[in-house]
Amino acid sequence: MRTTTGWQATGPTALRRTSLERRDLRPDDIAVRVDHCGVCHTDLHALRAYDRHTNAPLVPGHEFTGVVAEIGPEVTTFSVGDRVAVGNIVDSCGVCAMCEAGQENFCHTFPTLTYGGTDRQDGSTTLGGYSREYVVRESFAYPLPSGLDPAAAAPLMCAGVTVWEPLRALGVGPGSRIAVAGLGGLGHLAVKMAVALGATTTVVSRTRDKRDDARKLGAHDLVDSTDSRQIAAVRDTFDVVVDTISAPHDLAPYLKLVAMDGTLSLLGYLGPVTVEATDLLIGRKKLGSAGGGGRPATAEMLRFCADNGIAADIEVLPSSQVDTALDRLRRNDVRYRFVLDMSDLD
Ligand SMILES: [Zn+2]
Ligand SMILES: [Zn+2]
């Protein structure tokens with residue numbers, strides 16, 4: 001076993017710096033020195049559900065960038081010193097129809113999650129990127145294009161690809177009319193990507209003071225979701241409404257914004273929802289969702305972001321302030337993503 005240092009949960013709100021074990025490199029593994037790891041809402045959910053008496057060890061973190069520190073003997077795509085990025089899945093069966101289609105994120109036997117997952121070979125629980133080193137199969141690590149800042153690129157690996165996949169799958173491009181509901185970690189990247197894809201992009205937010213931010217991100221318009229006149233004016237106008245709101249909420253007002261044959265894509269809240277069928281019937285509207293990304297889409301997303309100068313708007317904190325980052329994220333007090341600098345773990 002290899003030893004590294006990381007932040008392990010001790011309860012629903014607390015993490016403690018501790019030494020962690022990583023597996024010895026398998027032939028197709030690389031060891032990544034983790035330099036930057038984004039702080040995702042999923043980390044909050046995982047911590048909230050964590051009970052140290054009954055759960056396996058929890059080290060959150062599933063959007064990180066770093067440098068290849070060591071490679072296994074059969075590794076062909078990376079060399080020591082290469083910049084890499086890793087997202088929220090680190091393995092899949094490789095043979096099911098979803099994997100064959102390059103949608104490892106939908107693997108029929110469930111993809112191996114970057115943390116809180118079960119390693120397919122030794123059955124151990126995976127420990128995440130809130131740590132100084134991570135060991136991963138080379139096929140689930142991605143070259144980090146040279147144009148991207150490694151800190152600001154880290155959130156692309158979860159938040160970024162989560163909004164990229166549906167935008168691409170729904171054919172968003174020049175001429176598309178897109179609304180982004182909720183301007184947080186996912187939403188701000190959805191705006192940047194939709195704009196760069198050539199779509200006319202509108203932010204729908206109840207926070208009026210986000211108007212300037214929306215414009216800075218490149219959005220063409222902002223609709224105040226609490227203003228019924230503004231909402232009525234954009235009824236049935238958007239080909240895709242990207243819903244990134246993470247709390248439970250009524251979908252009806254957002255379905256009303258969808259144009260005929262358009263789609264409401266639910267990306268932030270993934271619990272049970274209630275829909276009036278008539279809200280779909282009138283205008284032949286569709287309700288969809290997506291999560292994470294397959295390997296081809298993840299690689300494509302990184303190239304697109306490098307080519308278009310897209311990365312997350314971030315606030316970097318030393319990893320020793322992880323509790324502060326989580327606490328402020330809990331209160332939505334970040335524009336728009338915290339990234340932990342792991343160099344203080346040396
Ligand atoms: Zn995430
Ligand atoms: Zn599979």
Side-chain angles (χ1 to χ4, degrees), residues 7 9 34 36-50 58-65 85-121 126-131 134 136-137 139-140 142 151-166 182 184-190 193 242-247 266-271 289-298 301-302 311-314 322 325-326 329-330 332 334 336-340:
W7 294 95
V34 181
H36 296 97
C37 185
V39 180
C40 174
H41 270 280
T42 303
D43 305 344
L44 285 181
H45 298 314
L47 282 162
R48 195 176 300 136
Y50 182 72
L58 171 63
V59 175
H62 65 192
E63 47 178 42
F64 58 86
T65 58
V86 176
N88 61 3
I89 62 173
V90 288
D91 206 357
S92 71
C93 83
V95 295
C96 73
M98 287 295 189
C99 288
E100 290 276 325
Q103 295 284 176
E104 295 83 359
N105 50 325
F106 306 140
C107 176
H108 288 169
T109 54
F110 207 68
T112 305
L113 300 177
T114 303
Y115 70 85
T118 304
D119 183 86
R120 298 180 112 80
Q121 291 193 35
T126 55
L127 305 176
Y130 288 10
S131 62
Y134 196 94
V136 59
R137 287 184 74 185
S139 50
F140 285 84
Y142 303 85
L156 297 176
M157 297 306 294
C158 174
V161 76
T162 294
V163 294
W164 175 255
E165 266 222 352
L186 297 179
H188 91 289
L189 286 169
M193 289 175 178
V242 178
D243 182 344
T244 70
I245 300 165
S246 59
L266 204 56
L267 304 177
Y269 174 70
L270 300 177
S289 183
R295 293 170 55 226
T298 304
M301 180 271 308
L302 281 172
D313 289 6
I314 56 168
V322 59
L326 289 163
L329 177 62
R330 219 172 263 126
N332 279 325
V334 57
Y336 284 94
R337 202 73 156 177
F338 282 113
V339 171
L340 302 175

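In each ligand, atom 1 is the first atom listed, and ligand 1 is the first ligand listed. Values in this document were obtained by computation on a predicted structure and should not be read as measured data. Residue indices begin at 1 and follow the sequence shown.
Taken to the nearest 0.5 Å, the CD atom of E63 stands 5.5 Å off from the SG atom of C40. To the nearest 0.5 angstrom, C158 atom SG is 10.5 Å from L189 atom CG. Of the inter-residue distances, the one linking T244 atom OG1 with H188 atom NE2 reads 10.5 Å to the nearest 0.5 angstrom.
Ordered by chain and number, C40 SG, H62 NE2, C158 SG make up the set of protein N, O or S atoms under 2.8 Å of the Zn ion (ligand 1). Within a radius of less than 2.8 Å around the Zn ion (ligand 2), the protein N, O or S atoms are C93 SG, C96 SG, C99 SG, C107 SG.
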Candidate pair R120 and T109, rule side-chain hydrogen bond (donor to acceptor under 3.5 Å, both in side chains), full reasoning: CA-CA 10 Å; R120 298 180 112 80; T109 54; 2.6 Å; yes
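Sorted pairs that involve residues 108-117 and meet salt bridge (Lys or Arg N to Asp or Glu O under 4.0 Å), not counting sequence neighbours, are lacking altogether.
Put simply, the side chain of T114 gets close to the backbone of I89: a donor and an acceptor are under 3.5 Å apart.
Partner Y115 forms a side-chain hydrogen bond (donor to acceptor under 3.5 Å, both in side chains) with one of N88, T126, D43 and no other, that one being D43.
Under the rule for a side-chain contact (heavy atoms from CB on, under 4.5 Å), the partners of D119 that lie at least two apart in sequence or sit in another chain are R23, R26, Q121, D122, S124.
Shortest non-hydrogen contact noted between L329 and H41 is CD1-NE2, 3.8 Å.
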